[in-house]
Amino acid sequence: MTEAVLDKPKGQNRIGLLLSDYKGAESTLCAGCGHDAITSSIIKACHELGIEPTGVAKLSGIGCSSKTPNYFLNQAHGINAVHGRMSAIATGSSLANRTLTNIGVSGDGDTASIGLGNFLHMVRRNIRMTYIVENNGCYGLTKGQFSATADKGSLKKGGKEINQNEPVDICALAIQMGCRFVARSFSGDTNQVRNLIKAAMNHNGTAVLDIVSPCVTFNNHEGSTKSVTYARLHEDPLHEVDFIPHFDPITVNYDAGTYTKVEMHDGSLITLKKLAHDYDPSDMDRAMALLHEAAGNGHFYTGLIYCRPDSVPFGEQKNIVDVPLATLPESVTRPSRAVFNQLMASFK
Amino acid sequence: MTEAVLDKPKGQNRIGLLLSDYKGAESTLCAGCGHDAITSSIIKACHELGIEPTGVAKLSGIGCSSKTPNYFLNQAHGINAVHGRMSAIATGSSLANRTLTNIGVSGDGDTASIGLGNFLHMVRRNIRMTYIVENNGCYGLTKGQFSATADKGSLKKGGKEINQNEPVDICALAIQMGCRFVARSFSGDTNQVRNLIKAAMNHNGTAVLDIVSPCVTFNNHEGSTKSVTYARLHEDPLHEVDFIPHFDPITVNYDAGTYTKVEMHDGSLITLKKLAHDYDPSDMDRAMALLHEAAGNGHFYTGLIYCRPDSVPFGEQKNIVDVPLATLPESVTRPSRAVFNQLMASFK
Amino acid sequence: MPPTMTATEALVEELQDRPVVNDVVINVATVNGSGSQSANFILLRALFSMGIPVSGKNLFPSNIEGLPTWFTIRANEDGWLAQRARTDVVIAMNARTVAEDVAQVHPGGILIINEALKAHATRDDILTYVVPYGEIVKQVCEDTRLRKKIVNVIYTGVVARLLGIEMDAIDAAIDHQFGGKPKAIKMNRDAAQAGYDWAGENLEAQNRYRVQRSNKTDGKMIIEGNEATAIGMLFGGVTVAAWYPITPSSSVCEYLTGYMEKYRHDAETGKATYAIVQAEDEIASIGMVLGAGWAGARAFTATSGPGISLMSEMTGLSYFAEIPAVIVDVQRMGPSTGLPTRTCQGDIAKTYQLSHGDCKHVLLIPGNVGECYEFAMEALELAEQLQTMIFLMSDLDLGMNKWMADPFNPPSKPIGRGKVLDAKDLERLGGFQRYGDVDGDGIGYRTLPGTPNNKAAYFTRGTGHNAKAEYTEKAADWKTNMDRLSHKFETARKLVPASIVHETDAATVGVLAYGSSDDAVQEARHILQERHGVKTDYIRVRALPYPADVRAFIERHPVVYVVDQNRDAQMATILRGELFDLSGKIRSIRHYDGMPLDADTVVQQLLHQESR
Amino acid sequence: MPPTMTATEALVEELQDRPVVNDVVINVATVNGSGSQSANFILLRALFSMGIPVSGKNLFPSNIEGLPTWFTIRANEDGWLAQRARTDVVIAMNARTVAEDVAQVHPGGILIINEALKAHATRDDILTYVVPYGEIVKQVCEDTRLRKKIVNVIYTGVVARLLGIEMDAIDAAIDHQFGGKPKAIKMNRDAAQAGYDWAGENLEAQNRYRVQRSNKTDGKMIIEGNEATAIGMLFGGVTVAAWYPITPSSSVCEYLTGYMEKYRHDAETGKATYAIVQAEDEIASIGMVLGAGWAGARAFTATSGPGISLMSEMTGLSYFAEIPAVIVDVQRMGPSTGLPTRTCQGDIAKTYQLSHGDCKHVLLIPGNVGECYEFAMEALELAEQLQTMIFLMSDLDLGMNKWMADPFNPPSKPIGRGKVLDAKDLERLGGFQRYGDVDGDGIGYRTLPGTPNNKAAYFTRGTGHNAKAEYTEKAADWKTNMDRLSHKFETARKLVPASIVHETDAATVGVLAYGSSDDAVQEARHILQERHGVKTDYIRVRALPYPADVRAFIERHPVVYVVDQNRDAQMATILRGELFDLSGKIRSIRHYDGMPLDADTVVQQLLHQESR
Ligand SMILES: Cc1ncc(C[n+]2csc(CCOP(=O)(O)OP(=O)(O)O)c2C)c(N)n1
Ligand SMILES: Cc1ncc(C[n+]2csc(CCOP(=O)(O)OP(=O)(O)O)c2C)c(N)n1
Ligand code: SF4
Ligand code: SF4
Ligand SMILES: [Mg+2]
Ligand SMILES: [Mg+2]
């Protein structure tokens with residue numbers, strides 16, 4: 001449906017840009033890495049939404065996944081933080097400039113191991129950003145060690161060592177911390193990923209996307225629930241996700257029996273076409289129960305797990321002016337001489 | 001019931017120690033601080049259990065709460081870690097010596113602010129310890145700033161600043177991370193706290209006790225859900241907790257209609273006498289729903305929120321010898337000359 | 001070498017036939033959380049309003065209530081306001097410490113002791129006054145719960161009577177302290193008056209220490225360093241602050257919050273033109289500062305030792321990716337958790353090279369509250385100008401104690417935002433090299449995220465990069481970039497505040513100090529000259545990298561004593577390591593017991609080394 | 001100052017009528033993740049098994065697959081195995097870098113280039129051999145997927161033929177490499193043989209560089225520093241290790257895990273006599289180490305730069321609460337994330353004083369793989385003996401490259417657990433003072449949690465404490481304790497490994513180096529003496545605090561060149577700062593482009609400064 005926005009001359013989107021205008025540097029990841037597929041989905045989502053690339057801030061930590069912001073949106077500023085702390089950097093930059101569209105890409109190690117505490121606090125603050133975890137159950141860049149989302153019982157490559165811990169469920173923790181847009185997907189399900197990203201980018205707060213993204217080099221073996229084959233075979237979409245941006249309203253009749261509609265704060269619409277499940281993503285306890293069930297039996301549900309568009313992002317909570325703090329003029333940021341004198345007098 | 005163990009000459013417990021043998025240095029906390037009440041409960045619990053004080057390790061972070069290990073069990077080794085990292089210290093020491101009985105005391109700032117990530121990972125590993133959070137919704141020691149468990153909407157003492165964030169729910173997060181003994185209580189409910197501590201100390205893994213412990217100096221004002229008055233008035237015990245240690249079996253008939261029994265791995269018994277609620281602490285989704293409900297309407301349920309005694313602590317997961325690693329002799333820790341030679345040969 | 005009485009002082013002591021006027025050290029020993037703090041401030045301000053220079057140093061425990069606390073007031077006509085070991089007047093209110101408090105009174109001094117503790121008043125070489133506070137307070141305060149707090153105010157009246165502080169001055173100080181709260185004002189005035197009256201009726205007057213009106217505080221003010229820093233940030237146009245509570249730095253952001261709420265909301269919309277975030281930890285606070293700085297905001301955090309350690313990694317990112325950021329380090333006694341309520345200059349060497357790998361940072365080191373204010377502004381300025389981390393190195397003594405000062409100078413130069421290219425610049429230039437050195441000062445041009453020009457973007461990273469900000473692992477690229485950063489550091493050396501040099505005729509001995517040591521060093525020089533005939537020249541270093549004047553000063557002197565408030569002679573070691581051709585001249589004076597530096601320590605260590 | 005050819009070398013170059021025997025640098029340019037690593041190891045080991053000393057240095061990118069990688073093998077009869085700038089033989093396999101790879105061949109050298117890249121083989125000052133790997137591999141490998149990997153083995157055969165490496169040696173190396181995997185052995189042998197045969201039939205023999213059997217590797221072995229460190233930990237009786245993955249340190253704990261699984265399970269129960277934990281971050285890993293050390297286990301962690309920064313706060317706790325702990329720092333190029341796959345000695349000054357406040361730490365600095373092993377054991381030993389943090393300062397070059405070495409010495413002394421009192425001791429003594437200095441060495445006695453004696457317990461804290469481990473804020477207590485810690489540091493100075501001193505007759509120039517610089521410095525001394533007539537004495541420092549021999553060495557020499565693999569001359573600055581009476585003699589040689597140090601850099605910087 002949303003492909004409608006592409007009906008512009010020569011593949012131009014609504015602001016006249018081509019898909020190629022959303023590309024980045026050449027990827028240096030392994031051939032076949034799930035992360036590259038997500039990069040493509042981000043590029044397409046931004047193109048389809050007609051996002052102004054120069055208005056985007058790309059944020060990441062350290063890891064193979066965290067390298068990817070370099071591989072999309074060349075015209076957007078990007079930053080590699082230190083390992084696990086993109087959350088803090090993103091919080092600061094989103095306060096400095098509330099007009100930026102924030103896309104964060106992290107890994108499971110970056111977010112759920114070293115970055116867990118800071119990530120959860122960022123989620124709690126609800127800064128406005130799309131936060132993608134490219135979840136491969138391992139540390140790709142340091143050569144395949146277990147991460148906090150590694151499968152329980154998985155064997156170390158070439159070693160006896162067995163992972164004994166339950167994988168951390170990023171979605172469940174995000175929901176518990178008050179996140180109001182939580183999705184799970186699979187890098188190979190490019191359609192779903194693209195649409196979830198589009199929806200996420202229109203969410204008025206932190207949107208967490210936990211995307212299984214196979215590490216074809218270190219965690220693609222049989223038995224891994226993060227392998228390409230496993231994800232392909234086991235993905236069980238809760239619904240078919242589509243996104244209709246506010247600027248492109250389409251007057252199709254969505255039958256409530258077959259569709260769930262979620263209206264975003266800006267008038268955009270997420271449509272969830274029912275598949276085998278009858279799933280309501282607005283019910284928090286239901287979402288938690290689903291995640292617990294999935295964790296218990298290794299089920300790989302994908303789609304929009306939890307969504308409550310009535311969300312107050314941090315900048316609004318803080319009642320900050322709409323224009324960027326970064327570029328406020330001295331006349332605004334430095335109080336007057338009268339105030340100065342008044343202050344000095346108070347200490348006398 | 002368990003007071004039976006006190007029926008020894010002159011207040012001696014089963015190992016012949018008096019309550020005073022479980023005391024520590026004099027407290028330097030504010031008069032009336034909730035933390036002191038918990039200290040007393042710990043002292044009594046240990047006395048009643050007949051714990052050997054020299055076999056206990058007391059662990060904490062930094063904060064008023066974290067000072068308290070100095071105020072109980074003078075005959076036990078104790079350590080103040082750095083702020084928020086008791087979890088890591090405890091993990092290391094519990095691996096070094098699996099025979100120690102670990103009691104950790106932390107604050108809400110220590111655990112849920114700076115320490116959140118490390119705390120959750122410790123919980124995930126399931127090290128064997130009683131982890132008490134003395135939760136007062138503020139940073140006591142640094143003079144009352146909001147912590148991560150501060151009430152939403154609470155006002156800064158003497159300032160306009162309003163806390164905009166939902167409090168972090170330590171119990172819900174612990175459950176989500178796989179913790180199998182999660183309780184909430186109130187420092188003033190000394191009976192419940194004492195019995196929960198006794199049960200926790202017999203849990204075969206991490207037991208998290210989130211105990212509301214009013215800061216009478218900085219967060220005791222009207223409107224605070226962590227004030228003495230609020231906690232007194234609103235505490236709603238899910239059940240009456242009692243603990244029957246394995247060494248002191250009591251053959252009372254517990255009617256299943258009025259009691260829930262939880263059998264611990266060592267044969268000890270937790271009995272939960274039903275009150276207004278009919279609550280089953282073995283149901284994880286139920287526990288989560290209860291916590292979410294409580295968070296939604298400010299309800300202050302106390303008691304054993306979640307308990308599954310079938311727990312494999314980290315040391316067992318790691319298949320470590322039962323005797324302390326710390327004191328293994330050189331004959332065990334240094335491989336033989338033959339091994340050495342074999343190794344050297346492999347590099348030739 | 002604990003400071004002991006010099007021969008000269010002992011002599012002065014014995015001549016107790018005429019009073020020492022406007023030169024007294026009063027130490028109040030109480031219990032923290034008992035409300036004694038406001039009584040002490042009243043005393044301080046009363047002396048101040050009588051025109052006598054004063055300082056107030058609070059020695060408090062790292063807990064909230066019930067432990068011993070001391071507040072030392074030094075009043076000195078000549079303006080010597082540093083810590084002084086000799087205590088003339090002790091007000092003993094605390095049963096726990098009364099023995100040592102009594103012992104502390106200098107021979108010939110005065111002890112004002114609570115009647116409840118009078119058993120300890122056994123010295124006959126001092127004047128002792130026993131005051132029945134318990135009874136007096138009953139007369140002025142009905143509410144038994146309030147008595148615990150108000151009882152302290154009574155001693156202000158007693159001291160006033162004994163030393164000659166005017167009750168008008170006390171009343172004015174009370175008004176200042178409880179500004180706008182008439183009930184509190186009344187109660188406190190009554191209590192002070194009761195003490196004054198009681199003392200008048202019951203205590204024998206003394207003639208050892210007296211105060212009298214002067215004019216040495218005209219136009220001056222009293223302020224804490226942390227509040228001054230907050231004001232500097234306010235007028236420096238800060239827009240983002242992120243912090244995590246830690247003693248003794250918390251009040252920087254707490255004061256700032258108050259000011260921002262008052263002065264930095266848009267008049268029309270009521271919206272905030274800033275964001276202050278209490279972060280979940282120090283890694284998050286410095287991360288937020290870097291994020292904000294990257295996006296173009298003036299941002300800072302305030303912390304102390306443990307926070308500095310936690311901020312190490314991000315500091316390296318700031319240095320290497322060249323992201324403006326400011327950390328206020330209000331130093332406390334370390335290592336580790338150390339003594340959170342004691343002062344130290346223990347982080348100087350640490351922050352100077354904080355983080356792994358080769359990196360060096362710019363430190364601004366204020367020596368008084370005025371400089372806390374100025375350097376806060378300057379730190380924000382330099383951070384953007386140099387595109388790097390700037391440390392503002394305050395300490396507990398400077399930050400949390402009460403200092404007398406001239407009113408600050410209003411901001412004198414416009415806020416500069418450094419080398420930032422906007423969309424128009426880019427159009428004109430057709431592009432830019434983020435890490436190029438166009439101007440030969442080692443500083444590249446940057447753009448801010450959101451700049452509406454498709455040549456604006458670059459990728460910021462802590463990994464190897466070339467001039468275009470592209471990733472590179474090439475040996476030559478790495479070295480080029482690191483050398484440019486060294487060059488930038490030399491640019492910084494030229495931009496930081498010059499040292500303050502005091503040179504005397506014919507002095508051969510040089511003294512080099514920094515930060516809160518200033519008062520004690522100044523007084524030490526005075527003592528050295530007056531009592532020991534040793535003339536000294538003095539350079540107060542106000543920044544690292546030290547400006548060129550430091551080398552010049554050391555070159556001009558055969559020997560230079562470097563005063564460090566730390567065990568490891570951190571500044572001396574830095575100077576020896578870098579100005580190694582001069583290091584033979586550098587001697588070290590160290591002070592590291594947690595107390596603010598006093599002149600005697602400097603005098604004695606210097607004389608000791610001179611005599612060798 | 002990039003190393004260039006010296007006049008002497010150029011001369012040697014021109015005499016190409018007789019071959020250079022057993023002295024060659026081979027550089028293999030491939031793509032990472034392509035399996036070239038095993039081919040390179042085969043080549044390395046084949047030379048080694050022919051009795052020719054070799055080293056192998058891997059220059060790899062910070063990614064996993066598809067980027068340029070170089071492996072440099074240096075074979076040298078005389079045992080000069082450091083990095084050398086001049087490359088004699090280049091094996092060009094990578095299209096991306098072929099131009100620079102071809103350019104890299106030293107004039108007169110040899111280029112072995114993949115036929116697919118032959119367009120780049122345009123130089124006529126070198127010998128060029130074009131090899132059609134694509135075709136050869138088809139003949140030896142049916143499986144098209146495997147071909148990508150096996151193709152690299154072919155060049156081992158080609159090189160063998162051209163340089164004279166015996167095929168027996170290649171085969172033996174293959175057997176060693178694929179020990180116990182007959183299929184892999186066969187396939188690799190076939191591929192190597194195919195290359196060898198093809199080269200024999202198609203390539204003209206050359207007579208410039210030859211290798212021939214020698215006996216210089218008898219009894220030697222080849223090993224990486226990280227594996228040596230792991231073995232040291234194994235035999236040091238480590239019981240707890242906690243770590244977080246980070247290049248280039250990860251393999252320390254990965255190797256250790258393998259060994260522990262093999263050698264440290266109880267024979268009867270199968271239970272582990274150790275615990276290795278992959279922690280969630282570096283703060284947790286060092287926290288676990290401290291927890292374990294506190295409870296009495298021998299514990300360590302391994303990390304690199306960013307991890308060091310994150311471990312700062314805990315390091316201060318270890319120092320101040322006196323908890324034994326070991327951090328292995330396998331240094332990589334920083335600051336910030338820097339170049340994770342390049343080497344550096346950039347953390348020396350940082351770790352030496354890591355954490356806020358006054359603290360100084362003991363660093364053991366291995367200069368070769370043997371010392372990685374020895375010092376790992378020694379670090380565990382000293383940590384318990386001194387009850388403090390010990391850093392083992394390795395680096396990427398030492399840790400991850402292949403080094404030739406003598407077999408290690410088996411552990412020579414029993415494991416000492418330091419001053420630990422058990423229940424019996426306490427009964428005898430009736431108590432103890434945790435932080436007392438009974439023996440005059442600054443080291444107190446400790447007890448372990450769980451000690452069954454009611455006098456055993458004490459409270460460990462990072463806050464101020466007295467000798468009895470009680471909390472105190474008293475100025476005198478603080479100072480006493482800090483002075484004792486200084487004294488303990490002086491005890492450490494006496495316990496750390498002595499420096500290795502090489503003195504020559506009549507040398508006036510001193511060279512001081514540390515860590516992985518050793519090989520290059522040794523070679524530089526040789527070159528200086530042989531080609532430039534400059535005799536040098538050499539001291540290799542193996543620890544900080546530097547032992548007394550350092551002062552003595554500097555005192556004996558009019559000038560000492562300190563070799564630092566970092567920009568900021570970190571060791572030179574430490575020495576200048578502390579041995580300040582000698583600092584006029586200290587000059588600095590710096591190398592900091594990420595490549596391992598080579599002799600030419602040392603020679604040139606030294607000569608340049610000597611000539612001034
Ligand atoms: C403080 C710190 N510790 C460790 C590292 C090493 N490191 C780099 S990437 C990485 C893990 C990345 O894993 P993940 O976030 O899952 O990303 P992936 O590579 O799997 O996409 C680690 C541990 C680092 N760069 N910084
Ligand atoms: C790294 C670090 N940051 C900050 C501090 C300062 N600090 C000491 S205690 C504390 C908060 C304690 O709060 P909480 O854990 O809730 O304990 P409470 O005092 O409320 O019992 C803080 C922020 C510190 N000691 N270390
Ligand atoms: S190592 Fe794994 S995560 Fe990294 S680029 Fe390769 S496939 Fe992707
Ligand atoms: S400040 Fe609060 S938490 Fe701390 S001791 Fe006082 S009452 Fe307790
Ligand atoms: Mg990963
Ligand atoms: Mg608290």
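In what follows, chains carry the letters A, B, and so on, assigned in the order in which the sequence lines appear, proteins first and then strands, with residues in each chain numbered from 1. Keep in mind that what you see is a predicted model, and the values were worked out from it rather than measured. Quick note: numbers below take in every heavy atom, side chains included, and nothing from hydrogens, waters or symmetry partners.
- Top candidate by heavy-atom pairs under 4.5 Å with chain C, chosen from D/Leu339, D/Leu317, D/Leu579, D/Asp347, is D/Leu339.
- Checked by atom type, the side-chain pair C/Asp477/C/Thr480 shows no donor-acceptor distance below 3.5 Å.
- Contact annotation for C/Phe60: only backbone heavy atoms (N, CA, C, O) come within less than 4.5 Å of a heavy atom of chain D.
- When each of D/Ser304, D/Gly305, D/Gly307 is scored by its heavy-atom pairs under 4.5 Å with chain C, the top score falls to D/Gly305.
- Of the listed residues (D/Thr351, D/Leu575, D/Asp483), the one with the most heavy-atom contacts under 4.5 Å to chain C is D/Asp483.
- When the candidates C/Asp568, C/Leu59, C/Thr573, C/Ile283 are compared by the number of heavy-atom contacts under 4.5 Å with chain D, C/Asp568 comes out ahead.
- Interface summary for chain D: among C/Ile308, C/Leu310, C/Leu67, the most heavy-atom pairs under 4.5 angstrom belong to C/Leu310.
- Interface remark: of the candidates C/Lys474, C/Glu313, C/Arg461, C/Glu313 forms the most heavy-atom pairs closer than 4.5 Å to chain D.
- For a residue to count as touching a neighbouring chain, one of its non-hydrogen atoms must lie under 4.5 Å from one of that chain's; by this rule C/Gln331 does not touch chain D.
- C/His356 places a side-chain N or O within 3.5 Å of a backbone atom of D/Ser336 that can act as its donor or acceptor partner.
- The parts of C/Phe580 that come within reach of chain D are both its backbone and its side chain, each placing non-hydrogen atoms under 4.5 angstrom from that chain.
- Interface summary for chain C: among D/Gly462, D/Ser312, D/Gly316, the most heavy-atom pairs under 4.5 angstrom belong to D/Gly462.
- Taking the ring centroids of D/Trp478 and D/Tyr471, they lie at or beyond the 6.0 Å cut-off.
- A salt bridge links D/Asp581 with D/Arg551; the closest basic N to acidic carboxylate O contact falls under 4.0 Å.
- Between the side chains of C/Thr97 and C/Asp101, a donor-acceptor pair is found at a separation under 3.5 Å.
- The aromatic rings of D/Tyr352 and D/Phe489 sit tilted relative to each other, their planes meeting at an angle between 30° and 60°.
- Of the listed residues (C/Asp358, C/Thr337, C/Asp593), the greatest number of heavy-atom pairs within a distance under 4.5 Å of chain D belongs to C/Asp358.
- Contacts with chain D were tallied for C/Ser62, C/Cys344, C/Gly594; C/Ser62 has the most, counting heavy-atom pairs under 4.5 Å.
- Interface residue C/Ala349: backbone and side-chain heavy atoms are both found under 4.5 Å from chain D.
- No donor-acceptor contact under 3.5 angstrom links the side chains of D/Gln605 and D/Tyr561, judged on distance only.
- In terms of non-hydrogen atom pairs under 4.5 Å with chain D, the most contact-rich of C/Met595, C/Lys360, C/Arg342 is C/Arg342.
- At a threshold of 4.0 Å, the pair D/Arg484-D/Glu322 counts as salt-bridged, since one of the basic side-chain nitrogens sits closer than that to a carboxylate oxygen.
- How far CG of D/Asn481 is from OG1 of D/Thr472: 9.5 Å, rounded to the nearest 0.5 Å.
- Side chain to side chain, D/Asn27 and D/Gln104 meet the donor-acceptor criterion of an N or O pair below 3.5 Å.
- Contact count against chain C (heavy-atom pairs under 4.5 Å) is highest for D/Ser355 among D/Ser318, D/Ser355, D/Ala321, D/Pro340.
- Chain C forms more heavy-atom pairs under 4.5 Å with one residue of D/Pro335, D/Cys359, D/Pro61 than with any other, namely D/Pro335.
- Residues C/His465 and C/Tyr435 bring their aromatic ring centres within 6.0 Å.
- At a 4.5 Å heavy-atom cutoff, the contact between D/Ser486 and chain C is made by backbone and side-chain atoms alike.
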